[in-house]
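Step one of this worksheet: look at the structure below.
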2 protein chains.
Amino acid sequence: MSNLINISEAASLALHGLVLIAKNQPLRMNVKVLAEELNASQTHLAKVFQKLSKAGLVKSLRGPAGGFELNNLAEDITFLEIYEIIDGKVTLGACPFGKIHCVFQSCMFDNELNRISTDIYNTFKQIKLSDFSKKE
Amino acid sequence: MSNLINISEAASLALHGLVLIAKNQPLRMNVKVLAEELNASQTHLAKVFQKLSKAGLVKSLRGPAGGFELNNLAEDITFLEIYEIIDGKVTLGACPFGKIHCVFQSCMFDNELNRISTDIYNTFKQIKLSDFSKKE
DNA sequence: TCTATTTAGGTACTTAAATTCCGAAATAGG
DNA sequence: CCTATTTCGGAATTTAAGTACCTAAATAGA
């Protein structure tokens, strides 16, 4: 079984966790509760949120009653930004196989895969945290 | 750096190798030559072609002057078939994160990701080996 | 029939990414 | 202060993909 679109478990956790926090504003949430609500690995979620914290998306507070809360402008953060923090920067227009030199004259996929990558990119870019905190 | 569409090096080798063989018909090609032309790992290519051979896409012949050649109908093979042999069967319509139960009422991506997955799927399905053997 | 060539296929190794573990640091509350 | 809670961050582990290695089997050609 294979997934055509490349989203890591970590990026999924980041998105879902952030949505929960956004919905729960202005109260903060800690990793334990988040993991329970998401039915996810607590340790993994913790690591993911360390990255989000370093990247400035969330503010972390240690100690009892600690946890994570959204930073000021994070409501309007896009999934693309979250995705790139976790899975790495996306570069469009490159060879879909990551090659610099191709054996063939023209790409076997014409520009179909670049077209689709751009589609994914734009979809990721359209999705904002604020969309969800209202939605549910 | 991250690739939005999920294609393994192995699947890439399979496709590119098969195209070379298709172009070179009716002569067969061996792993060494293929690897040189593709600038790729000989051992990896060999493993990939073992899979293709088992799956019936190519016929293998051992010994000197041996190598691989397309099976009768392989000219009209689609990239989807190649992809699934190497990277595994694709299932459309499932949760983009591989979850069975979601915490949220509606999918955060609506059906955007399923739409795109179907797009990729159909693109993979349209691409035939025969398209390339003529093209170049 | 012998030899060199070439794929088959099992196992083991390497590497990178993803995930987990654990001790350290911070802090709220008693 | 002291203690329990919680994040931090480095280290260790696991997993998956890719690579290497080796022996066996097939076969063309001398």
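Throughout, a chain's letter reflects where its sequence line sits, starting with A, and its residues are numbered from 1.
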Query raised in the report: For the pair made of CG in A:Asn6 and C1' in C:dA17, what is the distance, rounded to whole Å?
Result: 12 Å
Requested in this report: Go through the N and O atoms of the side chain of A:Lys47 and the base of D:dG10, and report whether any donor-acceptor pair is under 3.5 Å.
Outcome: yes
Report task. Write down the distance between NZ (B:Lys32) and P (C:dA8), rounded to a whole number of angstrom. Result -> 18 Å
Query raised in the report: Closer to the 5' end of DNA chain D via nearest nucleotide, is it A:Gln50 or A:Gly66?
Result: A:Gly66
Query raised in the report: Between A:Phe109 and B:Ile5, is any pair of side-chain heavy atoms under 4.5 Å apart?
Result: no
Requested in this report: Figure out the CZ/C1' separation between A:Arg28 and C:dT27, and round it to whole Å.
Outcome: 11 Å
Requested in this report: Quickly, which of A:Leu57, A:Thr78, A:Val19 forms a side chain to side chain contact (heavy atoms under 4.5 Å, CB included) with A:Leu129? Name it, please.
Outcome: A:Val19
**Report entry** Spacing between A:His44 atom NE2 and D:dT7 atom P, to the nearest angstrom
**Finding:** 16 Å
Requested in this report: Provide, to the nearest angstrom, the distance between the NZ atom belonging to A:Lys51 and the P atom belonging to C:dA17.
Outcome: 10 Å
**Report entry** Ring-ring centroid check A:Tyr121 A:Tyr83, cutoff 6.0 Å
**Finding:** no
Requested in this report: Identify the heavy atoms of B:Gly17 and B:Leu34 that sit nearest to each other, and give their distance.
Outcome: O-CD2, 3.9 Å
Query raised in the report: Would you say A:Asp87's side chain and A:Ser8's backbone share a donor-acceptor pair under 3.5 angstrom?
Result: yes
Query raised in the report: Atom CD of A:Gln42 and atom P of C:dC22: how far apart are they, to the nearest Å?
Result: 14 Å
Report summary line: When every non-hydrogen atom of B:Ala14 is compared with those of B:Leu52, the smallest separation belongs to CB-CD1, 3.9 Å
Query raised in the report: Short question: side chain of B:Asn30, backbone of B:Val33 - any donor-acceptor pair under 3.5 Å?
Result: yes
Query raised in the report: Hey, does B:Ala10 reach any base, or is it just sugar-phosphate, or nothing, if we go heavy atoms under 4.0 Å?
Result: sugar-phosphate
Query raised in the report: Counting only side-chain N and O atoms of B:Ser53, is one of them less than 4.0 Å from OP1 or OP2 of C:dT7?
Result: no
Report task. Would you indicate what A:Phe68 reaches in the nucleic acid, counting non-hydrogen atoms under 4.0 angstrom: base, sugar-phosphate, or nothing? Result -> sugar-phosphate
Requested in this report: Write down the distance between CG (A:Leu34) and P (D:dT6), rounded to a whole number of angstrom.
Outcome: 12 Å
Query raised in the report: Is the distance from OP1 or OP2 of C:dA17 to the nearest side-chain N or O of A:Ser8 less than 4.0 Å?
Result: no
Short heteroatom pairs, N/O only, protein and nucleotides 23-27 of chain D, under 3.5 Å:
{"unit_1": "D:dA25", "atom_1": "O4'", "unit_2": "B:Arg62", "atom_2": "NH1", "d": "3.3"}
{"unit_1": "D:dA25", "atom_1": "N3", "unit_2": "B:Arg62", "atom_2": "NH1", "d": "3.0"}

Query raised in the report: Hey, does the side chain of A:Thr43 come within less than 4.0 Å of C:dT19's phosphate (OP1/OP2), counting only N and O?
Result: no
Query - Value in whole Å for how far the P atom of D:dT19 lies from CG of B:Leu13 - result: 8 Å
Query raised in the report: Is any N or O donor-acceptor pair between the side chain of B:Glu9 and the base of D:dG18 shorter than 3.5 Å?
Result: no
